[in-house]
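The sequence lines fix the lettering, A, B, ..., with proteins before strands; numbering per chain opens at 1.
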Amino acid sequence: NAGVTQTPKFQVLKTGQSMTLQCAQDMNHNSMYWYRQDPGMGLRLIYYSASEGTTDKGEVPNGYNVSRLNKREFSLRLESAAPSQTSVYFCASSEGNGRDQYFGPGTRLLVL
Amino acid sequence: GQQLNQSPQSMFIQEGEDVSMNCTSSSIFNTWLWYKQEPGEGPVLLIALYKAGELTSNGRLTAQFGITRKDSFLNISASIPSDVGIYFCAGQLNNDMRFGAGTRLTVKP
């Protein structure tokens, strides 16, 4: 079991470029989440998908879109990257609503 | 939105000492979780608490879900060098999970 995997591990973008962060889980979990982590702060929820076919906004959704491609995969897209989106992005999954969340290793994004 | 206040921000302790950290919130949660994060890694779940008043242990770690549902603490007994890392509390209500800012633990051998 790989658990939760994320690609890429690192990415550098120029302002205005777009990119998609990929996340996959092999634990047959129903719910998946995207967070960002900034220095000195806890993780903040961007978007989540309670089950396949549904997505909802979290605490900081502006500037992002998500796609729950299937039960295993949940992608995060930045349409026009901004320096304020420089952060470490974590994907997580859980069995379902309110259950324990398990995290991937993170994607470190730098927007110049 | 709900804010979690985690304290202390950092701790420098000697190997063998006990550690205590806590989180408080202005809102209630259904679940409290404690995670540990090491450099370059994602958070790893240490303990999950599901009921107010619940006290749960995982080896040298003990955590409690406050009776008001607005707070939780984590204790680490007899610390060892590999306990070094950042510890995060998280309060969960349905699919909304909020994190504390973390407690950075340094253990001196």
Enquirer: For T86(A), which residues count as a side chain to side chain contact (heavy atoms under 4.5 Å, CB included) partner, sequence neighbours excluded?
Expert: L110(A), V111(A)

Enquirer: Let me know if Q6(A) has heavy atoms under 4.5 Å from chain B in its side chain, its backbone, both or neither.
Expert: neither

Enquirer: So among T15(A), L13(A), V12(A), which one has a side-chain contact (heavy atoms from CB on, under 4.5 Å) with L112(A)?
Expert: V12(A)

Enquirer: Over 60° means perpendicular and under 30° means parallel, so tell me whether Y102(A) and H29(A) are parallel, tilted or perpendicular.
Expert: tilted

Enquirer: Output, in order, the C-alpha distance, side-chain angles, deciding distance and verdict of side-chain contact (heavy atoms from CB on, under 4.5 Å) for M97(B) and Y48(A).
Expert: CA-CA 10 Å; M97(B) 191 151 82; Y48(A) 67 94; over 6 Å; no

Enquirer: Given heavy-atom pairs under 4.5 angstrom as the criterion, report whether the side chain, backbone, both or neither of R44(A) touches chain B.
Expert: neither

Enquirer: Among V44(B), L45(B), I86(B), which has the most heavy-atom pairs under 4.5 Å with chain A?
Expert: L45(B)

Enquirer: According to the interplanar angle, ranging from 0 to 90°, do the rings of Y35(A) and F103(A) count as parallel (below 30°), tilted (30 to 60°) or perpendicular (above 60°)?
Expert: tilted

Enquirer: Taking the side chain as everything from C-beta on, heavy atoms only, tell me whether E52(A) gets closer than 4.5 Å to N70(A).
Expert: yes

Enquirer: Under the rule for side chain to side chain donor-acceptor pair (under 3.5 Å), what residues qualify as partners of T56(B), not counting sequence neighbours?
Expert: E54(B)

Enquirer: OH of Y64(A) to CD1 of I46(A): how many Å apart, nearest 0.5 Å?
Expert: 4.5 Å

Enquirer: What residues of residues 100-109 of chain B sit under 4.5 Å from chain A when you count only heavy atoms?
Expert: G100(B), A101(B)

Enquirer: Are side-chain heavy atoms of Y35(B) and L43(A) found at a separation under 4.5 Å?
Expert: no

Enquirer: Could you label the plane-to-plane angle of the F74(A) and W34(A) rings as parallel, tilted or perpendicular, counting under 30° as parallel and over 60° as perpendicular?
Expert: tilted

Enquirer: Say you draw a straight line from CG of D100(A) to CD of E95(A); how long is it, rounded to the nearest 0.5 Å?
Expert: 8.0 Å

Enquirer: Anything in residues 7-19 of chain B with a heavy-atom distance to chain A below 4.5 Å? Please list those residues in order.
Expert: none

